[in-house]
Amino acid sequence: MSSSSEIDWPDRYHPQNCAVHVCNELDMAAAPDHVWAWLTHATLWPSWYGNSADVTFLDESGPQLQKGTRFRWKTFGVTVTSTVLEYVPGERLAWDAQGVGVDAYHAWVLQPTERGCRVLTEETQHGWLARLGGVFVPNRMQKHHQRWLEGLESKAQAGLPPSSISSGGPPTAGATRA
């Protein structure tokens with residue numbers, strides 16, 4: 001497992017300042033551009049990552065994430081509002097997430113490898129709900145993030161997302177604009 005030094009943490013969300021810190025990584029046998037395309041198509045997450053639902057863009061952006069994108073979605077049973085705070089195409093993506101009892105930061109780093117692409121994802125959280133989750137269901141977030149990585153690899157291995165979605169076509173089921 002990698003150290004959190006690869007993530008450009010805002011001070012508030014640095015692991016040393018948070019009650020919860022989870023780190024997952026996977027060396028994917030998938031093209032980096034395919035991984036990036038699936039990761040940044042937030043409206044498609046519910047179709048392949050079971051811990052996401054109801055992705056709604058709060059501005060005119062979407063269906064792909066970009067710097068400043070604001071979106072609302074449901075994860076771990078909690079509705080959160082997120083803003084993309086870091087966006088380096090093909091390399092780095094990070095957003096915050098605020099909801100009842102949780103204030104989080106979720107970062108992704110992609111690095112090309114001989115096999116395809118190494119993907120590191122880390123999340124830190126503040127809040128009473130985050131602390132309770134860590135006590136009563138330890139490793140839950142780590143397990144779901146590993147599934148997220150594995151689902152991302154599977155989709156990326158199959159190719160790029162459907163062109164109708166990437167070209168701004170209609171949102172998928174469970175994904176809307178506010």
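All heavy atoms count here, side chains included; hydrogens, waters and symmetry mates do not.
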>> Could you check whether any side-chain heavy atom of T75 comes within less than 4.5 Å of a side-chain heavy atom of V80, counting everything from C-beta outward?
In response: yes

> Is there side-chain contact between W48 and E150, with at least one heavy-atom pair below 4.5 Å?
Replying inline: no

> Considering residues at least two apart in sequence or located in another chain, which fulfil the side-chain hydrogen bond (donor to acceptor under 3.5 Å, both in side chains) criterion with D27?
Replying inline: T113

> Distance from H34 atom NE2 to K155 atom NZ, nearest 0.5 Å?
Replying inline: 13.5 Å

> About how many Å separate NE2 of H14 and CG of D8, when rounded to the nearest 0.5 Å?
Replying inline: 10.5 Å

>> S154: which residues meet the side chain to side chain contact (heavy atoms under 4.5 Å, CB included) condition with it, sequence neighbours left out?
In response: none

> Would W95 and T81 count as a side-chain contact (heavy atoms from CB on, under 4.5 Å) if you check the C-alpha gap in whole Å, the side-chain angles of each, and the deciding distance to 0.1 Å?
Replying inline: CA-CA 10 Å; W95 59 79; T81 300; over 6 Å; no

>> Give me the atom names and distance for the closest heavy-atom approach of A42 to V55.
In response: O-CG2, 3.5 Å

> Given side chains that start at C-beta, do those of R118 and L120 come closer than 4.5 Å, heavy atoms only?
Replying inline: yes

> Is the backbone N or O of T43 less than 3.5 Å from a side-chain atom of W73, with the two atoms forming a donor-acceptor pair by type?
Replying inline: no

>> According to side chain to side chain contact (heavy atoms under 4.5 Å, CB included), who are the partners of Q98, at least two apart in sequence or on a separate chain?
In response: Y13, D96, D103

>> Are the side chains of R72 and D54 in contact, using a 4.5 Å heavy-atom criterion?
In response: no

> Do N51 and R147 touch side chain to side chain, with heavy atoms closer than 4.5 Å?
Replying inline: no

> Can you check whether L152 reaches W45 side chain to side chain, under 4.5 Å on heavy atoms?
Replying inline: no

> Roughly how far, to the nearest 0.5 Å, is the CH2 atom of W148 from the CG atom of L39?
Replying inline: 7.5 Å

> Between atom CD of E25 and atom CD of Q146, what is the distance when rounded to the nearest 0.5 Å?
Replying inline: 9.0 Å

> Side chains of P89 and T40: closer than 4.5 Å at any heavy-atom pair?
Replying inline: no

> Looking at residues at least two apart in the chain, or sitting in another chain, which of them share a ring-ring contact (aromatic ring centres under 6.0 Å, His included) with H144?
Replying inline: F76

> Atom CG of L160 and atom NE2 of H41: how far apart are they, to the nearest 0.5 Å?
Replying inline: 9.0 Å

> Taking only residues two or more places apart in sequence, or in another chain, which ones meet A107 in a side chain to side chain contact (heavy atoms under 4.5 Å, CB included)?
Replying inline: I7, A94, Y105

> Roughly how far apart are M28 CE and Q111 CD, rounded to 0.5 Å?
Replying inline: 12.5 Å

> Looking only at heavy atoms, what is the nearest atom pair of A53 and P46, with distance?
Replying inline: CA-CG, 4.0 Å

> Can you name the side chain to side chain contact (heavy atoms under 4.5 Å, CB included) partners of A29, sequence neighbours left out?
Replying inline: R115, E153, Q157

>> Donor-acceptor check, side chain of K67 to backbone of L85, threshold 3.5 angstrom: yes or no?
In response: yes

>> Please find the pair of heavy atoms, one from Q142 and one from C23, that lie closest to each other, and give the distance.
In response: NE2-O, 2.8 Å

> Between L110 and G90, what is the shortest heavy-atom contact and its length?
Replying inline: CB-O, 3.7 Å

>> Could you walk me through whether V119 and W36 satisfy the side-chain contact (heavy atoms from CB on, under 4.5 Å) test, starting with their C-alpha distance in whole Å, then the side-chain angles of each, then the deciding distance to 0.1 Å, before giving a yes or no?
In response: CA-CA 10 Å; V119 181; W36 183 258; over 6 Å; no

>> Between R92 and V109, is there a side-chain heavy-atom distance shorter than 4.5 Å?
In response: yes

>> Under a 3.5 Å distance rule, please check whether H126 uses its side chain to pair with a backbone N or O of R12 as donor and acceptor.
In response: yes

>> Checking N24 against E123 for the side-chain contact (heavy atoms from CB on, under 4.5 Å) test, could you report, in this order, the C-alpha distance in whole Å, the side-chain angles of both residues, the deciding distance, and whether it holds?
In response: CA-CA 9 Å; N24 294 71; E123 182 167 343; over 6 Å; no

> Which is it for T121 and H106 under the side-chain contact (heavy atoms from CB on, under 4.5 Å) test, yes or no, and what are the steps along the way?
Replying inline: CA-CA 7 Å; T121 184; H106 194 156; 2.5 Å; yes

